[in-house]
Structure formats: structure tokens, C-alpha cells
Amino acid sequence: MSAKLILGTEIREEILEEITAEVSQIKAKYGKVPGLVTILVGENPASISYVTLKIQTAHRVGFHEVQDSQPIDISEEDLLALIAKYNKDDSINGILVQLPLPKHIDEKKVLNAIDPDKDVDGFHPVNVGRLMIGGDEVKFPPCTPAGIQEMIIRAGVKTSGAEVVVVGRSNIVGKPIANMMLQKGKGANATVTIVHTGTKDLAFHCKRADILIVAAGVPDLVKPEWIKPGACVIDVGVNRVGEKISEKTGKKIAILKGDVDFEAAKEIAGSITPVPGGVGPMTITMLMLNTLKSLKFKLGIN
Ligand code: NAP
């Protein structure tokens, strides 16, 4: 039997429509829309395309969006001054600095200079701490883990009391999603195990998972026989394994593969995310949600 597909492409559309509707209600009542600034240093083509997608999505949902492009040789001091300017700017609710930054700039120093109440990426230590505490303390959950949790909720997967196994312990995916799934509350209240390269028997842990979240960056790491029949499998991995010519555009595009052997796994899992089209589209969507939340916090509405 084939698993139910959990499609980020579809869930994204639902959420963006909800955000658009809420933005127009807030605009009508308070005369304000969420403001998002994206700071891009240099002309890295991948960074330009990420920033463009973020700005296009912000525009689509009715945000005030600013793309601030800076030369590759901007000094650290000037970049910090720019962040200070946006920290004070009342029309801006979310500040994003597109990474990577050039080598002469201390990335950590720059990210930590963002006002935690405008840190819609959720990477500032203050927001990491808030996430750890959980409950009402949480302001901006990091976007990829927030997207994963939202997919699990919208797919109707039961999380309370579930065994969740997270493969990977990065600061941007593994650790935060594990932390989110163990909190009390909606889409959580699970028993969580994190596995990594130091884990003795990866297969043993994966086999116990009612919900298996894989964020390792290793193509086909998870074998079909590691999946518990009926489990929910969330494949976060995006691995470039080659190139092909797009049927739509005739241009060269990357062939992407997840961390799970999808074709075999979908015959065993109860529900599963594909790659591409699964978790990927959720990250920018949740960034929009965090920016909307930032304005709502400021206006004191929930
Ligand atoms: P990362 O920082 O490289 O972390 C990978 C984690 O997986 C590490 O904790 C590593 O363990 C663990 N790992 C690697 N190989 C393993 C193995 N053979 N057995 C057990 N554990 C293993 O990666 P990341 O930033 O979390 O990203 C993970 C994947 O998700 C990548 O493919 C990335 O492209 C993708 N991703 C997708 C999105 C999206 O779709 N929006 C967003 C973020 C990331 P150690 O700590 O022991 O080294």
C-alpha cells in the first residue's frame, strides 16, 4: 500500500492564503502591514535567487518588502549600522541577513545584532532560549522546523505520546525540531530521541519511530527496512545527485534526492514527504508567518 503524500507545495498555498487574508484584515483595522527587509551582501547567484523568492512571496501576501543590496566589500561596521537602522525602523517587523556573508565579516556578530523581536529566522540566542523554554515564551520558531511541525499537524498525524526519532542534530533543523516536538502542546507532547554520527545503532532507533524526521544530508541514508509500518516520515534532506534538462524550461536543473529511499519507503510508511515538494516549500512560508506574528506581537493582537 502506498503512503499518503504530505505535500509542502499544497500546504504552502493554504498557509499563504491564510496569511494574505489576515494581512488585509489587519491593514483594514490598524492601517499597518508586516514589513520585511532582506539584506544581501554581494552577488552570489544562489543568494540572489533565495532573496528574490523571499521578496516575491512577501509581495504576494501583501507585506511591505525591502530588498537592501550591499556591495561585497561593505565593512562589518557599516553592516552593523545598517542593522541598527532597521532595528529602529517602525515599518520593519522582520530583518533577514542572507548568508553566507563575505569572510571579512563576523556572521555571528551580525546575526546577534538583530533585535530579537525582529529576528524572524529565529536564530538569535534569545529566540533559541525562548524556544527551549516553550509555551508562550516562543516568539519565532526557526522556519524549517516550524514548517515540519505544521506539516505534521495539517496531515492529521497524532503526536501526543508518539515516539519521534530525529536523525541529525544541527542548530537549524535537528536540535530545534526535537525540542519543539517534546514540548507540551499542539503538534508535540512526544517522546523524542535524537540520533547522529555518534549513535551506535541508527536502524534500531529509526525502527521504533512513529514519526521519523530525517535531516542528515546523506542521500538514501534511511533504508526502507528501518521504517515502522504506518509511520510518518518527514524527509528534510536535499541532496544534489546530478543534473538534468528541465522539460518545462529546457534549462539544466539539479536532480534532488532526500535522505530517505522514497520509492521503497512509501510502500511501508503511513505518510511521507517527497523531495522535492515536501519540506522545502515550507521554510519561506513559515518566514512569512513569523513576520506576520512579529507585527501582531507589536500591535498586541493574537
Ligand atoms: P548539517 O548541519 O550538516 O547536520 C547534519 C546532521 O546529520 C549532523 O548532526 C550529523 O551528525 C547528522 N548525520 C550526518 N550523517 C549521518 C549519518 N550517516 N548517520 C547519522 N547522522 C548523520 O545539516 P542540516 O543543515 O541540518 O541539513 C540537513 C539536510 O537538510 C541537508 O540535506 C539540507 O540541505 C537539508 N535542509 C533542507 C531545508 C529545507 O528543505 N528547507 C532546510 C535546511 C536543511 P553529527 O552532528 O554527528 O555530524
Side-chain angles (χ1 to χ4, degrees), residues 5-12 15-16 38 46-47 49-54 57 96 98-100 107-108 111 120-123 128 131 140-152 154-155 164-181 192-209 212-227 233-242 253-262 265 272-290:
L5 288 185
I6 308 177
L7 298 173
T9 42
E10 282 179 6
I11 299 173
R12 168 185 60 194
I15 298 175
L16 291 182
T38 309
S47 295
S49 77
Y50 290 136
V51 164
T52 306
L53 201 54
K54 287 170 188 174
T57 311
L96 272 184
Q98 186 63 45
L99 301 179
E107 243 170 48
K108 213 192 244 179
L111 294 182
V120 287
D121 257 338
F123 293 149
V128 175
L131 190 80
F140 307 118
C143 300
T144 302
I148 294 169
Q149 192 178 39
E150 194 61 34
M151 295 178 98
I152 292 172
R154 290 188 187 231
V164 171
V165 175
V166 178
V167 183
R169 57 177 160 187
S170 72
N171 288 330
I172 63 164
V173 190
K175 279 190 224 162
I177 189 60
N179 184 49
M180 289 160 78
M181 297 304 294
V192 181
T193 305
I194 309 184
V195 296
H196 43 74
T197 57
T199 300
K200 278 189 194 147
D201 189 344
L202 207 58
F204 166 79
H205 292 285
C206 292
K207 281 178 190 171
R208 292 189 301 107
L212 180 61
I213 301 170
V214 192
V218 181
D220 289 349
L221 173 69
V222 172
K223 313 295 173 230
E225 60 273 21
W226 297 6
I227 293 167
V233 178
I234 306 288
D235 189 353
V236 191
V238 180
N239 305 293
R240 285 164 197 268
V241 293
I253 53 167
I255 301 173
L256 301 179
K257 224 175 187 319
D259 289 350
V260 177
D261 178 352
F262 176 78
I272 189 167
T273 59
V275 178
V279 175
M282 296 300 291
T283 302
I284 291 181
T285 307
M286 300 317 279
L287 179 68
M288 300 302 135
L289 202 58
N290 276 351

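Order of appearance sets the numbers: ligands from 1, and atoms from 1 within every ligand.
Between the side chain of S170 and the backbone N or O of V173, at least one donor-acceptor pair lies under 3.5 Å. The main-chain N or O of C143 is never found under 3.5 Å from a side-chain atom of D121 such that the two would form a donor-acceptor pair. Checking side-chain atoms of D259 against main-chain N and O of G217 turns up a donor-acceptor pair under 3.5 Å.
Residue contacts with ligand 1, taken as heavy atom pairs separated by less than 4.0 Å, do not involve T199 at all. With a 4.0 Å heavy-atom cut-off, ligand 1 is reached by the side chain of V218 but not by its N, CA, C or O.
Scanning the protein heavy atoms around atom 31 (C) of ligand 1, the nearest turns out to be G217 CA, 3.7 Å. When only non-hydrogen protein atoms are considered, atom 25 (O) of ligand 1 lies nearest to I172 CD1, 3.5 Å. For atom 37 (C) of ligand 1, the closest non-hydrogen atom of the protein is V236 O, 3.2 Å. For atom 8 (C) of ligand 1, the nearest protein heavy atom (residue, atom name, distance) is R169 N, 3.9 Å. Of all protein heavy atoms, the one lying nearest to atom 40 (O) of ligand 1 is G280 CA, 3.4 Å. Atom 4 (O) of ligand 1 has S170 CB, 3.7 Å as its closest protein atom, hydrogens excluded (heavy atom only). Atom 10 (C) of ligand 1 has its closest protein heavy atom at T197 CG2, 4.3 Å. For atom 42 (C) of ligand 1, the nearest non-hydrogen atom of the protein is T144 OG1, 3.4 Å.
Atom CD1 of residue I15 and atom CE of residue M286 lie 5.0 Å apart, to the nearest 0.5 angstrom. Here the straight-line distance linking atom CG of N290 with atom OG1 of T285 works out to 11.5 Å at 0.5 Å rounding. The line from CD1 of I194 to CG of N179 is 8.5 Å long, rounded to the nearest 0.5 Å. To the nearest 0.5 Å, atoms CG (L287) and OG1 (T144) are separated by 10.0 Å.
Interface atoms of ligand 1 facing T283, defined by a heavy-atom separation under 4.0 Å, are 39 (C), 41 (N). For ligand 1, the atoms lying closer than 4.0 Å to a non-hydrogen atom of H196 are 11 (O), 20 (C), 21 (N), 47 (O). Interface atoms of ligand 1 facing V173, defined by a heavy-atom separation under 4.0 Å, are 26 (O), 43 (C), 44 (C).
Under a 4.0 angstrom heavy-atom cut-off, G174 registers as lying outside contact with ligand 1.
Distances from atom 27 (O) of ligand 1 to the protein include no heavy-atom value under 4.0 Å.
Some N or O of V238 is nearer than 3.5 Å to an N or O of ligand 1, by distance alone.
In this structure the side chain of T38 never reaches within 4.5 angstrom of the side chain of Y50, judged on heavy atoms. The shortest distance between side-chain heavy atoms of T193 and R208 falls below 4.5 Å.
The local environment of CZ in R154 is crowded, with over 12 non-hydrogen atoms from other residues, nucleotides or ligands closer than 6.0 Å.
Of the listed residues (G168, G237, A216, A215), the one carrying the non-hydrogen atom nearest atom 3 (O) of ligand 1 is A216.
Partner V222 forms a side-chain contact (heavy atoms from CB on, under 4.5 Å) with one of V233, I227, D235, D261 and no other, that one being I227.
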